[in-house]
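Being a predicted model, the structure only gives us computed values, none of them experimental.
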Amino acid sequence: MEISLQKNNLITMLLILVCPDLLFSGFEANALPYDYTASIECLETPLKPLHGGGIILNPELNMGLKGWQAFGDAKIEQRELAGNKFVAVHARNHPTDSISQKLYLQQETLYSFSAWIQVSEGNEAVAAVFKTGTGFKHGGAVVAESKCWSMLKGGFTSDATGPAELYFESKNTSIEIWVDSISLQPFTTEEWASHQDQSIKKVRKAKVRIQAIDKQGNPLSNATITIQQNKPGFPIGCAINKNILKNTPYQKWFTSRFTVTTFEDEMKWYSTEVSPGHEDYTSADALLSFAKQHNIAVRGHNVLWDDPKCQPGWLYSLSPAELSSAVHKRIVSVMSRYRGQLIAWDVVNENLHFSFFESKLGDQATPNFYRLAHAVDWSVPLFLNEYNTIEDSRDWAATPAKYLQKLRQIQGLTRNAKMGIGLESHFGTPNLAYMRASLDTLGATGLPIWLTELDVLSGPNQAKYLEQILMEAYSHPKVDGIVIWAAWKPQGCYQMCLTDNNFNNLATGNVVDNLLRQWQSRAVSGLTDTRGFFEATLFHGDYEINITHPSSSAHSFVVVSTNASLQSPLTFQVSV
């Protein structure tokens, strides 16, 4: 948290930020910790299993094949390379032919899974699957390579108590699958919640010590200090559309809650250029003006959409050369128009599931789009925006490994571009263990991560699931922002609304409001001690601080945080 003075005042302040790790107490201190680490590098030797392997027997294969057996028609054997022992699966005739281990799962328990995988040749997707009495749980997948080890990190929640069997799967039966450093760690729901609480205290809050001194540098005891949060440091927003422009109740409801937004449709190509050469940014301009008026940040969404069903109608009849020219014009037009006014761009939407542009312009179409986008607007992160990367472990097209594969392809042509990871987050029933593991993997890139279109399918548990997802996302140390996909329309929202048509909260809206209140600091007031110190634990954000002392008149000023890591005490002074 970087703090800067906004206004001159007549009291000197010493602001010291104390290590937030000291804040843990009670059950949280005793709960089994969660390991947020993940590796996205292909290593010569696998790392040790997380959590010591958890409940996996013989996780490092140092005891031969004890605990492991062949699954299906596969042949398995222990091998050793450079002193590292592992299990090799060969003679595979079916995708599920692999190794397995029998387990016993507990109901309503979250399981964190990881393993290190290598294949005998090329690179292939390999998945971990858990066969249970109620069906199959997909633990995650990785694109494994030959000659080095890749980490697969995933998870699932068990919905029944009983026996289960772990096995691995790859569609290419001609390859051998090598496995090592396997881990399956169970966590109770209470332990899982404690990880969230600990992480919030560590990455979203800071313990602040303020010292008041006079012009001569003498401590001021019994000075009254009041701290009021003006704006949260973590951006949470909601999509809007043009309906808000002439709807005062909608405006009041929205602006009283959110600090960031995305336009639902108004900036998309099919909205701004209905016929070729006739661009109309009227609605997008008006929405941007509204957002600026209320100090609400805007994400640019989207420049291009790879879904063939989501193009301007006139685009389909173009030749490849004409399409290339139209795309170039589109990127330059929209991005130069709003350059310097947005905080991010979703440059290509849903590129892992669809390939409209690639099918017509070649495999390098997407990297070329990003190269041009960077040339037009180099000031903000350029996001790849995708669904099911954290929502559904069964979707092999959009796993974290596939996402990273596409990201590396883009970065290969745009090395200097600021990139970002956009996760649409259209959820059904959330798999929180898989969601957290996927964020761990993507977070290993060090790139900004946003949940860009968060919603939950309609159903009796919609509000409950929304709360679970928001809590998981907000508490994750690698998530930088959240946008909820609930732009209001009279006929209904995309798949989740937060209010009724009179802008009274629905259950989902109550969830959002409750969490927003929970994630902000209440007004804090107290007296400095004999050394002039006052301490408070605060969420990152912008604060107004008021100071009164019998020896002087009242003064106030604003401090602003940027959510940077807290590495050293910060001091600032205000001269008389």
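In summary, Asp346 and Arg299 engage in a salt bridge, as defined by a charged side-chain N under 4.0 Å from a carboxylate O. We find that Glu165 and Lys131 are not joined by a salt bridge, their nearest charged nitrogen and carboxylate oxygen being 4.0 Å or further apart. One finds a salt bridge joining Lys48 and Glu60 here, because a Lys/Arg side-chain nitrogen approaches an Asp/Glu carboxylate oxygen to under 4.0 Å. In this structure, Glu176 pairs ionically with Arg79, as a charged nitrogen and a carboxylate oxygen lie closer than 4.0 Å. A salt bridge is absent between Glu358 and Lys360; no separation between the charged side-chain nitrogens and carboxylate oxygens falls under 4.0 Å.
Under 3.5 Å, the side chains of Asp395 and His353 contain a donor-acceptor pair of N or O atoms. Remark: the Ser199 side chain and the Gln196 side chain contain no N/O donor-acceptor pair separated by less than 3.5 Å. Looking at Asn93 and Thr173, their side chains never bring a donor and an acceptor atom within 3.5 Å of each other. A side-chain donor from one of Lys406 and Gln409 sits under 3.5 Å from a side-chain acceptor of the other. For Glu453 and Asn385, the side-chain atoms include at least one donor-acceptor pair closer than 3.5 Å. Side-chain atoms of Asn349 and Asp307 form no donor-acceptor pair, as typed in the model, at a separation below 3.5 Å. At a cut-off of 3.5 Å, with distance as the only test, no side-chain donor of Lys268 or Asn302 sits close to an acceptor on the other residue.
When all heavy atoms of Pro186 and Ile55 are compared, the closest pair comes out as CD-CG2, 3.8 Å. The shortest non-hydrogen separation linking Trp396 to Ser393 is CD1-O, 4.3 Å. Ser438 and Thr389 make their closest contact through OG-O, 3.6 Å (heavy atoms, listed as atom of the first residue, atom of the second, distance).
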Between Phe71 and His94, is a ring pair (Phe, Tyr, Trp, His ring centres under 6.0 Å) present by the stated rule, with each step listed? CA-CA 10 Å; Phe71 190 85; His94 304 92; over 10 Å; no
Going through the distances and angles, do Arg204 and Phe234 end up as a side chain to side chain contact (heavy atoms under 4.5 Å, CB included)? CA-CA 8 Å; Arg204 308 293 179 212; Phe234 185 90; 3.5 Å; yes
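Proximity of a side-chain donor or acceptor of Glu80 to a complementary backbone N or O of Lys85 within less than 3.5 Å is not detected. In this structure, the side chain of Ser325 does not engage the main chain of Glu322 through any donor-acceptor pair within 3.5 Å. Listed for the Asp97 side chain is no donor-acceptor partner under 3.5 Å among the backbone atoms of Ala91. In this structure a side-chain-to-backbone donor-acceptor pair under 3.5 Å is missing from Thr262 to Ala239. Looking only at distances, a side-chain donor or acceptor of Gln101 sits under 3.5 Å from a matching main-chain atom of Leu57. Here the side chain of Glu77 pairs no donor or acceptor atom with the backbone of Ala88 at under 3.5 angstrom. Between the side chain of Asn58 and the backbone N or O of Asn62 there is at least one donor-acceptor pair closer than 3.5 Å. With hydrogens and angles ignored, the 3.5 Å screen pairs no side-chain donor or acceptor of Gln405 with any backbone N or O of Lys402. Proximity of a side-chain donor or acceptor of Glu467 to a complementary backbone N or O of Lys464 within less than 3.5 Å is not detected. At distances below 3.5 Å, at least one donor-acceptor pair connects side-chain atoms of Tyr370 with backbone N or O atoms of Phe383.
Side-chain contact between Ile200 and Met471 is present, with heavy atoms from C-beta onward closer than 4.5 Å. For the pair Gln185 and Asp35, the minimum side-chain heavy-atom distance is 4.5 Å or more. Leu413 is listed as a side-chain neighbour of Asn368, based on a closest heavy-atom distance under 4.5 Å.
Residues Tyr474 and Trp519 bring their aromatic ring centres within 6.0 Å. Less than 6.0 angstrom separates the ring centroid of Phe113 from the ring centroid of Phe130. Taking the six-membered ring for Trp, Phe86 and Trp116 have ring centres at least 6.0 Å apart. Residues His476 and Tyr36 place their aromatic rings such that the two centres sit under 6.0 Å apart.
With rounding to the nearest 0.5 Å, the separation of CG in Leu447 from NZ in Lys478 is 10.5 Å. Distance check: Ile175 CD1 to Ser170 OG gives 3.5 Å after rounding to the nearest 0.5 Å. Atom OG of Ser39 is separated from atom CG of Asp440 by 12.0 Å, given to the nearest 0.5 angstrom. Within the model, atoms CG of Leu184 and CG of Leu50 stand 11.5 Å from one another, a figure rounded to the nearest 0.5 Å.
Using cut-offs of 30° and 60° on the angle between ring planes, the pair Phe156 and Tyr111 is parallel. Between Tyr316 and Phe356, the angle of the ring planes goes over 60°, which puts this pair in the perpendicular group of the 30/60° scheme.
Because its NZ or CZ atom is both nearer than 6.0 Å to the ring centre of Trp192 and within 45° of the ring axis, Arg436 counts as a cation-pi partner of that residue.
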Side chains of residues 135-150: which donor-acceptor partners sit under 3.5 Å, not counting sequence neighbours?
residue: Lys137; atom: NZ; partner: Thr157; partner atom: O; Å: 3.4
residue: Lys137; atom: NZ; partner: Asp159; partner atom: OD2; Å: 3.2

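Taking the ring-ring contact (aromatic ring centres under 6.0 Å, His included) definition, one finds that Phe263 meets it with nothing, sequence neighbours left out.
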